[in-house]
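Right, one structure below, let's go through it.
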Amino acid sequence: MLAICRGMMTRPRLMLIDELSLGLAPMIVDQVYAALLDRCRHDGVTLLINEQSSERILKFADRIYVLRGGVMRLEGRASDLDDGKAIMSAYFGFEDHASAAATEANAQ
């Protein structure tokens, strides 16, 4: 939290935060997200957050990008992805397994 405050003191236009919830007590993670987003909106700061908890980030993000294996697998507005199924599929590669199974079945 101290690093975030120090970063905000420089009045950035863009902040990249890796795993905001890492190391924080679960009870305060949502409070930290809410306070940070409120401050950034007030100051006009764009936030880019790397977060593995898709459930949590869907509550706070405007846009979602899912990278897997160095390739962008999904992008869109969080409001359009709020059921989380597309994110899970892109993140864990379920669509790849279905495609591979269909290809294999057709080859036989």
>> Nearest 0.5 angstrom please: L2 CG to I4 CD1, how far?
In response: 9.5 Å
> Which value, rounded to the nearest 0.5 Å, describes the distance between L36 atom CG and C5 atom SG?
Replying inline: 9.0 Å
> Is L37 linked to Y65 within one hydrophobic cluster, defined over Ile, Leu, Val, Met, Phe, Trp and Tyr using a side-chain heavy-atom separation of less than 4.5 Å?
Replying inline: no
>> For V29 versus S21, what's the shortest heavy-atom pair and its separation?
In response: CG1-CB, 3.6 Å
>> Closer than 3.5 angstrom, by distance alone: can the side chain of R63 be matched with the main-chain N or O of E75 as a donor-acceptor pair?
In response: no
> Can you name the closest pair of heavy atoms from P12 and G7 and give their distance?
Replying inline: CD-O, 3.3 Å
> Checking salt bridge (charged side-chain N to carboxylate O under 4.0 Å, His left out) for the pair D62/R41: CA distance, chi angles, key distance, verdict?
Replying inline: CA-CA 12 Å; D62 295 322; R41 286 185 179 122; 3.8 Å; yes
>> Let me check something: do L20 and L67 share a hydrophobic cluster, defined by ILVMFWY side-chain heavy atoms less than 4.5 Å apart, either directly or through other members?
In response: no
> Is the CZ atom of R77 crowded by more than 12 outside heavy atoms at less than 6.0 Å?
Replying inline: no
> Would you say N50 and I17 make side-chain contact, with heavy atoms under 4.5 Å?
Replying inline: no
>> Going by ring pair (Phe, Tyr, Trp, His ring centres under 6.0 Å), name the residues that satisfy it together with F60, two or more places apart in sequence or in a different chain.
In response: Y33
>> With side-chain contact (heavy atoms from CB on, under 4.5 Å) as the test, pick out the partner of V45 among R13, R11, M8.
In response: M8
> So which heavy atom on A61 is nearest to which on A78, and how close?
Replying inline: O-CB, 3.2 Å
> Does a side-chain heavy-atom distance below 4.5 Å link S89 with R73?
Replying inline: no
> Restricting to pairs with a member in residues 15-39, which pass salt bridge (Lys or Arg N to Asp or Glu O under 4.0 Å), not counting sequence neighbours?
Replying inline: D30-R56, D30-K59, R39-D43
> Heavy-atom distance under 4.5 Å between the side chains of I57 and I64, does that happen here?
Replying inline: yes
> Got a second to check how far T46's OG1 is from L14's CG, nearest 0.5 Å?
Replying inline: 6.0 Å
> So do L81 and L74 actually touch side chain to side chain, heavy atoms under 4.5 Å?
Replying inline: yes
